[in-house]
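Notes follow once the structure below has been shown.
Here, residue 1 is the first one in the sequence, and each next residue gets the next number.
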Amino acid sequence: MRTKLPTRNFFIDTSIFQENNFFHGTKIQSLLNYGKIGVINLFMTNISKIEFINRVKTLLKDCKEEHNKFVRHFNNQEFRVLRNLDLYQDLKSFPISITDSLAKIENKLETNIKVCNIKVLSASGVNIDDVFELYYNSLPPFSEGKKRYEFPDAFIIKTLDNYCQENKIKICILTKDNDFNGYKSRHLIFKNNLEDVLVKITKYYDEHYKLNSLSRVTAILKAYRETILELIRENIKDKFELHTDREEILQLTLNNIFFDNEKIIAFRDDFAEVLYNVKIEFSAFRPASLKEIETSFFEEDVKPKKIVKYEMVPVDIEVYFKGNRNVKVKWINSTQPIKIQIYN
């Protein structure tokens, strides 16, 4: 049976952009590319554009403040010994202009709107009485306690609903905002998992455009599984960040990497974007505690205790399936440290 999409129309909420680091993440790049080549239709509203820019501005300000806190901290008398090292000679306050940075990201947004065929809908036609009816009845997207912050969401959702009614279509709203989800309309579909949506779009694309690429990529993934795991092992060694309340934890060791699952989320010209999930097994040793030593009867009771832990880690990989077959590790854990927690 051929894959069917409930709709080919998708609205991208600011929360989805933020979850995927705006334009940087594999998943948002894949979604935008599908809009660019015409597989799906993408939508924003004039209000969600403003919300996007304001969110970026807030995050840039937060980055500046955190950076300057770090600089002030290391300029304190007890830490300024680091100034004797070349590495810390140029440690200065936030060197990036927020205004210039914001302008560059706004320009990138406008470029993506044009290149990826994103239709920006105006909220000017929304009946304000309809919005206030939702407000006074505490209906989604309004909720008790933070109503005044949800007016932008109300105008966004009404804009989309009105557009669907006028054009006799459905739109899938991609959002992490739970306040959206309770809104009732036969024209709107709410999804919060971009990964799963991309899997379905990719199947649709493969079948309806007769690419026959899905089976080829799946076969390569199966044949190259051990190669992929070895590539991950080589690239993961410096990605761990130990969190523990025991200073004496010894010898954190990566023991093994196990395949868990894979999701093909996009096709490009000559490669596929794949989200590869692995389970990492690692171990550490801790010396016996003073209480264990005092109450021990046997020598083995005071030997270091082995602790074995497991972590699920997402890996973005590229599978080249045209010409020379190849696989590349793109990002591990979305470039974030893998936090290993060992507590009593």
Distance check, rounded to the nearest 0.5 Å: R8 atom CZ versus Y204 atom OH? 4.5 Å
Please report the interatomic distance OG(S215) to CZ(F321), rounded to the nearest 0.5 Å. 10.0 Å
What's the spacing between I236 CD1 and L231 CG if we round to 0.5 Å? 12.0 Å
With rounding to the nearest 0.5 Å, note down the distance linking CG in L174 to CG in N193. 10.0 Å
Does K176, at its NZ atom, have more than 12 non-hydrogen atoms belonging to other residues, nucleotides or ligands within less than 6.0 Å? yes
Crowded around N261 CG? As in, over 12 foreign heavy atoms under 6.0 Å? yes
Pick from K263, K203, K27: which one makes a salt bridge (Lys or Arg N to Asp or Glu O under 4.0 Å) with D196? K263
Less than 3.5 Å apart, any donor N or O on the side chain of E273 or S30 sitting next to an acceptor on the other? no
Exercise: do D177 and T175 side chains pair donor with acceptor under 3.5 Å: no
Residue pair K330 / T26, side-chain donor-acceptor N/O under 3.5 Å: yes
Restricting to side-chain contact (heavy atoms from CB on, under 4.5 Å), what partner residues turn up for N326, sequence neighbours left out? Y320, K328
Does K239, at its NZ atom, have more than 12 non-hydrogen atoms belonging to other residues, nucleotides or ligands within less than 6.0 Å? yes
Carboxylate-amine/guanidinium proximity below 4.0 Å for E110 and K49: yes
In Å, rounded to the nearest 0.5 Å, how long is the span from CG of N46 to OG of S122? 4.5 Å
With F22, the side chain to side chain contact (heavy atoms under 4.5 Å, CB included) member among N112, L109, L59: L59
Atom CG of D269 with >12 non-hydrogen neighbours under 6.0 angstrom: no
Nearest-0.5 Å distance that lies between atom CZ in F10 and atom CG in L5: 5.5 Å
Do Y34 and T202 have a side chain donor and acceptor closer than 3.5 Å? yes
Any sub-3.5 Å donor-acceptor pair from N117's side-chain atoms to G35's backbone N or O? yes
Side chains of Y183 and K158 only: does a donor on one sit below 3.5 Å from an acceptor on the other? yes
Any residue meeting salt bridge (Lys or Arg N to Asp or Glu O under 4.0 Å) with R55, in chain and number order, not counting sequence neighbours: E51
